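Note that the structure is predicted; figures quoted are calculated from it, not measured. All heavy atoms count here, side chains included; hydrogens, waters and symmetry mates do not. As the structure lists them, so they are numbered: ligands from 1, and atoms in each ligand from 1.
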Amino acid sequence: MEAPQIDQDTELGALSYGESILRILTNDQINEDIAAVTAGIGAVNTRFGIINSLYYDPRRKRLRAKQAGRGGTGTVMRHKGLRAVVVNSSLPRIGANNPVDPMGVKEAGGKLKRVISQMDPKQLRLSLWGTPVLVEYMDRYHLLPVQNYQYGQHPDSSKVFADVFLERYFEKRMPDGCYLGCNLACAKGAEKVRLSRGPMAGKDVGIDGPEYENIAAVTGMGIFDPQFVMEYNWYCDNYGLDTISMGVTASFLMECYQRGFLTEREVGYPLQWGDADTAFRLLHETALGKGFGRVCGQGVKRAKEWVAKQCSIRIAKPIETVMAELNKFAMEVKGLEFSMYIPKESLAQQGGYGFSLKGPQHDEAWLIFIDQIHNELPTFEMKAQALKWFPLVRTWFNAVGLCKLP
Ligand code: SF4
């Protein structure tokens, strides 16, 4: 159908546009039977647009949004002229997929629930903390990608540990989760967070997240401010930007500035580590396709080529010479930005990043934890075997549409 026209501010946002569409289609009675997939203006203006899946959460009494699509799925969607996909279903929520063995499913679910409720409190405590708990682990083991992966930890990291988000932002009175009945319920969210920056400053919003990757991407820019993390999370979601690629590209450009490959003349303003106002300016310019944001929106691979060209003219050196230097800290493989782990001391994670089909993303081979933190893969052979079985298991979960965490 023809996409309905809504006011311009609402049109720009993946979240705001999706909510408006669902309100129109349900006569303002959004419920659990209807859901939408949308991509915002950031997906139009960058190569790393993601998709938002919006669904009604009866416990929070609002729409929630989960993001997916590293590698530019949202960008492809918008460039094909697709604004939203809406699904309306009258199927019952329990048994809707008509299982062959309902009792077997029930027994397996009960067993899984027992294992998780016994083990999670002794392990990562994802039910309580969500994935932000990983920030503390990664900082302790020098794996946090601080300042474009230059440092694995930072004295200010504790400002963005999980307890800060739990105390200041997360809703603690209800078990959370992407859907009713998830055994692990690690998907945290916050209500009525007031935005202090950007075009929506002053507005109170519900925020889904942050996840570890959102927080770590912010530390990549040298920022350790939990309010910045929340707002970065929300703006990236609303624009339809991949928080990892946005953060890694901004961090790469900051390191270019630090090392003199970029100057204020090319950027239009200083691009310093830890400068929250500048980081937000770059985020909004990137999403809206304005100013220096047009370079950032190309992602690390193409931004690197642009920087090399400008710099080689300015310093009168061959472009290959400049590119050789940029390649030392341009965190991309196959055109995709690295996800949020420093892999230099984990051969298994290096392999996981290198072999992944879409590029250096952790979902296929997230081996950093068992290799470097738990040291369960001490030999070369064990790492090689893990690189075979781990992606098979994880990809199976993706293929059948199940979450791989619980
Ligand atoms: S375990 Fe998976 S489905 Fe459950 S809340 Fe976490 S991410 Fe969502």
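Near A185, meaning under 4.0 Å from any of its heavy atoms, are these atoms of ligand 1: 5 (S). If you number the atoms of ligand 1 from 1 as listed, the ones under 4.0 Å from a heavy atom of C403 come out as 1 (S), 2 (Fe), 3 (S), 7 (S). When each atom of ligand 1 is checked for a heavy atom of G177 under 4.0 Å away, the hits are 5 (S). Here is the list of ligand 1 atoms found below 4.0 Å of a heavy atom in C178: 3 (S), 5 (S), 7 (S), 8 (Fe).
Residues F329 and Y149 place their aromatic rings such that the two centres sit no closer than 6.0 Å.
A salt bridge links K328 with E325: the distance from a Lys NZ or Arg NE/NH1/NH2 to an Asp or Glu carboxylate oxygen falls below 4.0 Å.
Metal site remark for atom 6 (Fe) of ligand 1: C182 contributes no N, O or S atom at a distance under 2.8 Å.
In this structure, the separation between CE on M340 and CD1 on I368 is 12.5 Å, given to the nearest 0.5 Å.
Of the listed residues (Y137, Y341, F165), just one forms a ring-ring contact (aromatic ring centres under 6.0 Å, His included) with Y212, and that residue is Y341.
Side chains of Q310 and E305: a donor-acceptor N/O pair is absent below 3.5 angstrom, by distance only.
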